[in-house]
Amino acid sequence: MSKKVTVIHWFRKGLRVHDNPALVKAVDEAINRKAYLRPIFMLDPGIIKWMTVGANRWRFLQETLADLDKNLRKLNTRLYVVRGNPKELFPQLFEKWNVELITFEHDIEPYAVKRDQILLKDAEKFNVEVMIEYSHTIFNPELVIKKNKGSAPMTYQKFLSVASELKVPPPVDNPNKVPKSCEPELDDTEKKCKDCYDVPTLKEMGVNKEELSKTSKFPGGETEALRRMYDKMKQTDYICSFEKPNTSPNSLEPSTTVLSPYLKFGALSARLFYQEIKQAYKGRKHSQPPVSLEGQVIWREFYYCVASVTANFDQMKGNRICAQIPWAHNQSYLDAWKHGATGYPFIDAIMRQLKQEGWIHHLGRHAVACFLTRGDLWINWEEGQKVFEEYLLDADWALNAGNWMWLSASAFFHQYFRVYSPVAFGKKTDPQGLYIKKYVPELKNYPAGVIYEPWKVSLENQKKYGCIIGKDYPHRIVDHDVVMKENLAKMKAAYAKKNSDTSQSEKRKAESPIASSSKKKNSVDKYFKKK
DNA sequence: GGAGCAGTTGGTGCA
DNA sequence: CTGCACCAACTGCTC
């Protein structure tokens with residue numbers, strides 16, 4: 001067996017060439033070992049079935065892969081997109097390509113952890129070396145948790161103080177150019193299908209073109225990510241004075257950086273972004289976490305860290321940090337919310353922007369999330385999580401679940417009596433309602449004074465403005481002032497129940513710690529924590 | 001162990 | 001327009 005060996009770099013997230021330590025390792029090792037290099041991405045047809053990914057995000061991924069391939073070609077290699085799932089494909093590839101080493105970036109998401117465990121077993125079986133790098137977040141969650149005596153910091157401030165004691169890993173240099181000798185010789189079957197490793201088309205991804213926005217407002221890819229970031233970085237005053245709560249959820253163009261979709265896919269390195277922010281701060285007065293731009297990056301770190309060690313982080317049941325709240329089913333409310341037909345123009349405008357463009361401002365997310373859950377519709381946050389998962393370009397598992405728990409006052413945030421008004425909140429930053437007019441054009445002739453509350457307009461004036469409520473635009477599905485008060489009482493009851501349950505289970509534990517500790521992992525954790 | 005404090009971004013009404 | 005008390009009262013962390 002004298003066949004030349006292969007080094008694989010497996011792209012999953014981290015869809016970039018810059019600051020990609022696992023890719024650098026693969027390139028260096030391929031050169032050192034005089035091996036072939038194959039940077040691969042796996043397109044798993046199975047994933048299309050169980051993951052809800054809307055058309056806009058499929059396109060974003062497609063653009064990201066195409067750009068990645070382009071950037072790899074500048075290094076004299078390319079992206080090999082292989083079709084299939086890792087479980088079945090890797091054993092085949094290991095043999096077919098005579099693989100000696102595989103490198104990839106660590107991922108904390110539960111499905112990824114499971115997937116990677118299978119790979120590790122296969123790698124062992126086929127005697128393939130594995131190198132894993134932590135580069136999706138600035139701080140390796142495992143190191144933060146170790147520093148915090150074995151558990152994840154549960155508040156942002158705690159996370160900040162723990163992280164401040166850790167070294168911030170700087171971005172690594174781009175990989176070397178790949179020598180000709182590392183270019184794999186194609187076998188006969190590969191030669192026959194010239195495009196079998198090409199970046200998939202939208203058609204192959206099963207994207208319904210009708211669901212796509214006309215142009216991609218935020219095109220995918222590392223090149224665009226870097227362009228966008230450096231463009232923002234030039235605006236030093238903006239970077240230094242950035243305070244999230246003071247940015248507007250309903251400006252006609254985004255008031256924040258919209259780098260989140262790029263960070264989600266790893267087309268932009270969080271470590272590079274962080275370094276650039278610090279560079280912009282140098283010698284200047286600047287805002288501070290949690291509201292500063294630096295603070296926004298740390299929020300991402302925080303949620304990744306907690307999510308990495310919390311079982312069932314994306315659901316209410318079996319999630320030890322999540323308040324158990326008796327949410328109700330209501331399909332018609334949920335549909336109205338999802339499709340921007342609640343009858344509250346501010347809420348509907350945000351949901352329509354989400355569906356059309358794949359991005360909404362963080363505070364817009366707050367307004368609609370509060371409305372869906374504890375504020376108005378009393379629907380489980382998991383339902384909202386699913387809709388965001390489908391529509392958001394930046395839908396990121398840990399952040400999505402974490403923020404939904406925050407807004408529904410299920411975890412992290414507990415002042416459930418602070419409720420966003422679907423009428424008043426938007427008025428602060430857009431009294432004229434221009435944002436509503438853009439995304440809910442039915443109401444474009446409604447004057448500023450009533451556009452947030454069109455149900456208050458007389459039928460005569462509704463006719464005059466060319467939009468009759470209940471016909472051209474829906475009646476509001478709930479009366480906020482009424483349901484908000486009812487929901488407050490329900491939240492109070494749910495919290496009270498939580499506390500009485502906790503004290504009861506603690507009593508039980510005191511009586512019989514062994515019996516209860518064998519029952520549930522949940523109580524095991526608590527028992528050991530007390531000690 | 002318990003009191004006191006702080007918590008990315010609420011709304012309302014009044015001075 | 002801005003600042004402030006009030007609404008009723010949560011949790012996690014600190015000392």
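Scope of the values below: all heavy atoms of this structure, side chains included, with no hydrogens, waters or symmetry mates. Proteins come first, then strands; the chains are lettered A, B, ... in the order of their sequence lines, and each starts at number 1.
If you check every strand for non-hydrogen atoms under 4.0 Å, A/V419 touches sugar and phosphate atoms only. Within 4.0 Å (heavy atoms only), A/K428 reaches sugar-phosphate atoms of the nucleic acid but no base atom. A/Q157 comes within 4.0 angstrom of sugar-phosphate atoms only, judged by non-hydrogen atoms across all strands, and of no base.
Distance, A/M405 CE to B/dG7 P: 22 Å, rounded to whole Å. The interatomic distance linking A/Y156 (OH) with B/dC5 (P) rounds to 24 Å, in whole Å. Between A/L160 atom CG and C/dG12 atom P the separation is 18 Å, expressed in whole Å. Computed from coordinates, the A/L407 CG to C/dC10 C1' distance equals 15 Å when rounded to whole Å. One atom, NE2 of A/H414, and another, P of B/dT9, lie 12 Å apart when rounded to the nearest Å. For the pair A/M154 CE and C/dC10 P, the interatomic distance rounds to 19 Å; values are reported in whole Å. Between the P atom of C/dC13 and the CD1 atom of A/I321 lies a distance of 11 Å, rounded to the nearest Å. The distance from atom NZ of A/K485 to atom C1' of B/dT12 is 11 Å, rounded to the nearest whole Å.
The closest side-chain donor-acceptor pair between A/E389 and A/T52, if any, does not fall under 3.5 angstrom. Checked by atom type, the side-chain pair A/D376/A/Y333 shows no donor-acceptor distance below 3.5 Å. A/S269 and A/H18 share no side-chain donor-acceptor pair at under 3.5 Å. A side-chain donor from one of A/Y420 and A/H366 sits under 3.5 Å from a side-chain acceptor of the other.
In this structure B/dT9 sits in no base pair that meets the Watson-Crick or G-U test at under 3.5 Å. The base-pairing partner of C/dA8, taking Watson-Crick or G-U wobble contacts with both distances under 3.5 Å, does not exist among the strands shown. B/dG2 is paired with C/dC15 under the criterion used here, namely a Watson-Crick or G-U wobble arrangement in which both key atom distances are under 3.5 Å. The base-pairing partner of C/dC1, taking Watson-Crick or G-U wobble contacts with both distances under 3.5 Å, does not exist among the strands shown.
Nucleotides B/dT8 and C/dC6, compared at atom C1', are 22 Å apart to the nearest Å. Nucleotides C/dC7 and B/dG7 are separated by 23 Å at their P atoms, to the nearest Å. With both ends at atom P, the span from B/dA6 to C/dA5 equals 15 Å, rounded to whole Å.
Ranking B/dG10, C/dC10, C/dC13 by closeness to the A/R418 side chain, first place goes to B/dG10. If you check B/dT8, B/dG10, C/dC13 against the side chain of A/H362, the one that comes closest is B/dT8. Side-chain atoms of A/K492 lie closest to C/dA9 of the nucleotides C/dA9, B/dT8, B/dG7. The side chain of A/A424 sits closest to B/dG11 out of B/dG11, C/dA9, C/dT11. Nearest to the side-chain atoms of A/Y420 among the listed nucleotides B/dT8, B/dT9, C/dC10 stands B/dT9. Among B/dT8, C/dC13, B/dG10, the nucleotide with an atom closest to any side-chain atom of A/F425 is B/dG10. In this structure, the nucleotide among C/dC13, B/dT8, B/dG11 sitting nearest to the side chain of A/K244 is B/dT8. Side-chain atoms of A/Q296 lie closest to B/dT8 of the nucleotides B/dT8, C/dC13, C/dC10. You'll find that the side chain of A/K158 is closest to C/dT14, out of C/dC10, C/dT14, B/dT9.
Contact check on A/D394 versus A/R300 returns no salt bridge, with no Lys/Arg side-chain nitrogen under 4.0 Å from an Asp/Glu carboxylate oxygen.
Annotation: cation-pi geometry satisfied between A/K490 and A/W378 (NZ/CZ under 6.0 angstrom from ring centroid, within 45° of ring axis).
In this structure, A/F417 does not pack face-to-face on the six-membered ring of C/dC10, missing the 5.5 Å centre cutoff or the 30° plane limit.
Heavy-atom neighbours of A/D481 CG from other residues, nucleotides or ligands within 6.0 Å: above the threshold of 12.
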